[in-house]
Amino acid sequence: MASIKDVAVEAGVSVATVSRVLNGHPSVSPGARARVLAAVEALGYRPNAVARSLRTDQTRTLGLVISDVMNPYFTELARSVEEEARALGYSVIIGNADERPDLQDHHVTTLLDRRIDGLLVSPTDGGSPRMLEAARAGAPMVFVDRWIPGVDVPVVRSDGRGAVRDLVAHLYRLGHRRLAIIAGPAATTTGRERVDAFREALAEYGLPLPDDRIGQGDFQAESGRRVTEGFLDLPEPPDVVFAADNLMALGALDAVRARGLRVPEDIALAAFDDIRWFVHTDPPVTAIAQPTGDLGRAAVRALVDRIEGRTGESVTLPARLVVRRSCGESPSGTAHPPSPSPVRRSTP
């Protein structure tokens with residue numbers, strides 16, 4: 001790979017002159033500038049971003065630490081982050097925390113050591129010491145999807161409460177009365193929020209959510225399988241299992257099929273976090289879809305605002321219900337029969 005010295009020799013100028021040309025300094029003569037640019041092109045020279053950052057205090061690089069790269073939701077989120085960052089002139093380095101606070105700390109430390117300009121984080125398990133330290137020290141940071149209450153960092157996320165309410169209304173119209181949920185980790189904001197939203201929506205229809213119909217998962221497929229097996233062993237199994245993320249929904253589907261049961265004839269299934277695969281399962285899964293691409297793009301814009309001295313604002317976007325056929329819908333994907341009015345009780 002060509003060096004800046006090679007460019008200087010090729011152009012017949014000093015290394016300092018090459019540096020001034022590459023940094024847009026106006027003191028270089030047109031002739032020298034032309035020779036330097038021709039040499040850069042001929043040699044395929046690319047300036048060293050790390051070395052340049054020592055002079056400018058900027059690397060034009062963002063860090064993204066996601067909770068689980070194997071989760072299709074976070075894969076899509078990372079893609080939208082990378083696309084928006086590139087459009088704004090930034091590169092992205094991604095770290096996978098694998099839902100582990102220690103790995104999250106490792107990636108945060110590594111990225112900050114590489115002098116990234118700002119950090120996007122989807123906090124795992126309520127955060128981690130190094131990440132919290134960086135946030136409280138004022139490092140340019142934005143939380144995406146999940147957040148940590150009490151930490152003064154902009155949050156870009158979706159609001160699923162309206163979509164969960166729509167899902168419960170949809171299930172009620174279909175005649176389902178015994179509903180269960182596979183919850184995410186209680187230490188995460190999304191884990192708590194989705195259970196609370198589900199409970200509140202059930203209360204509007206006078207439907208209970210007893211403890212034996214709340215299963216504790218961890219946003220991984222195996223926990224969805226384990227919790228669903230427990231639901232199926234109940235004296236009165238639920239009519240519907242609502243998985244609070246897509247991987248737990250796939251685990252639930254495996255557990256149902258392992259018992260020789262069918263969805264939705266024997267038990268219905270719905271999920272939070274729609275993924276492209278759900279349209280190809282048999283039956284296609286009714287799910288709540290987050291505006292994942294919009295979230296990733298908004299998170300990058302908020303972070304770049306902070307990096308460039310502007311106020312990075314929090315953003316909340318609505319999720320929506322996508323009706324398919326895993327809850328007993330008609331082939332057209334509509335609910336049947338018509339819904340009675342909710343009883344609007346204040347408690348389950």
Side-chain angles (χ1 to χ4, degrees), residues 1-8 15-16 18-25 40 44-67 69 74 77-98 100-124 127-148 151-156 295-314:
M1 179 179 294
S3 69
I4 193 170
K5 291 182 180 179
D6 296 328
V7 173
V15 170
V18 174
S19 179
R20 285 194 289 271
V21 170
L22 295 177
N23 286 285
H25 199 282
V40 167
Y45 172 71
R46 294 293 178 269
N48 186 306
V50 173
R52 187 168 63 246
S53 74
L54 297 176
R55 298 188 299 274
T56 66
D57 291 325
Q58 265 200 316
T59 61
R60 306 294 293 181
T61 303
L62 309 179
L64 171 63
V65 181
I66 54 177
S67 304
V69 75
F74 285 112
L77 182 72
R79 178 177 179 177
S80 65
V81 164
E82 196 277 333
E83 288 174 347
E84 185 68 12
R86 186 171 64 248
L88 295 177
Y90 288 81
S91 298
V92 179
I93 301 174
I94 299 174
N96 172 36
D98 201 25
R100 289 171 47 189
D102 61 319
L103 270 182
Q104 180 171 270
D105 262 359
H106 166 76
H107 290 304
V108 168
T109 298
T110 300
L111 290 167
L112 292 176
D113 285 349
R114 292 191 178 189
R115 300 169 57 85
I116 58 167
D117 296 332
L119 189 60
L120 295 168
V121 184
S122 177
T124 181
S128 55
R130 183 69 180 97
M131 188 206 67
L132 292 172
E133 177 188 340
R136 289 165 178 156
M141 186 180 295
V142 170
F143 291 151
V144 57
D145 183 65
R146 306 175 187 176
W147 66 100
I148 302 175
V151 178
D152 186 19
V153 169
V155 179
V156 176
L295 291 174
R297 288 184 285 272
V300 171
R301 291 193 294 269
L303 182 58
V304 171
D305 280 345
R306 299 204 75 182
I307 292 168
E308 298 182 354
R310 299 182 294 274
T311 301
E313 301 290 345
S314 293

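Hydrogens, waters and symmetry mates play no part in the numbers below; they use all other heavy atoms, side chains included. Because the structure is a prediction, the values reported are computed rather than measured.
The heavy-atom pair separating Q104 from S122 by the smallest distance is OE1-O, 3.7 Å. Minimum heavy-atom separation, A78 to I94: CB-CD1, 4.0 Å. Heavy-atom minimum distance, S67 versus P123: OG-O, 4.2 Å. Taking each heavy atom of H107 and A97 in turn, the nearest pair found is CD2-N, 4.1 Å. Between P154 and S314 the shortest heavy-atom distance is CA-OG, 3.4 Å.
For the residue pair S3 and D6, a side-chain donor N or O sits within less than 3.5 Å of a side-chain acceptor on the partner.
Partner of W147 under the side-chain contact (heavy atoms from CB on, under 4.5 Å) criterion, chosen from V155, V156, V142, V121: V155.
Between N96 and F74 there is no side-chain heavy-atom pair separated by less than 4.5 Å. The shortest side-chain heavy-atom distance between P129 and D105 falls under the 4.5 Å cut-off. Between T124 and R146, the closest side-chain pair of non-hydrogen atoms falls below 4.5 Å. Between D117 and P140, every side-chain heavy-atom pair lies at or beyond the 4.5 Å cut-off.
Residues passing the side-chain contact (heavy atoms from CB on, under 4.5 Å) test with A85 are L62, Y90, V92, V300, sequence neighbours excluded. V151 pairs by the side-chain contact (heavy atoms from CB on, under 4.5 Å) definition with L132, A135, R136, F143, I148, V153, not counting sequence neighbours. Residues passing the side-chain contact (heavy atoms from CB on, under 4.5 Å) test with A8 are V15, V18, sequence neighbours excluded.
Note on D102 versus R100: salt bridge recorded, some NZ/NE/NH1/NH2 to OD/OE distance being below 4.0 Å.
Here the straight-line distance linking atom CZ of R79 with atom CG of L77 works out to 12.5 Å at 0.5 Å rounding. Note that CG of L120 is 12.0 Å distant from CG of D145, once rounded to the nearest 0.5 Å. Rounded to the nearest 0.5 angstrom, E308 CD and L88 CG are separated by 8.0 Å. The structure places CG of L295 at 12.5 Å from CD of E84, a figure rounded to the nearest 0.5 Å. Going from atom CZ of R114 over to atom CD1 of I93 covers 5.5 Å, rounded to the nearest 0.5 Å. The structure places CD1 of I116 at 12.0 Å from OG of S91, a figure rounded to the nearest 0.5 Å.
Enclosure of atom CG in D152 is not indicated, since only 12 or fewer non-hydrogen atoms of other residues, nucleotides or ligands lie within 6.0 angstrom.
Under the 3.5 Å distance criterion, the side-chain polar atoms of R306 are matched with a main-chain donor or acceptor of M141.
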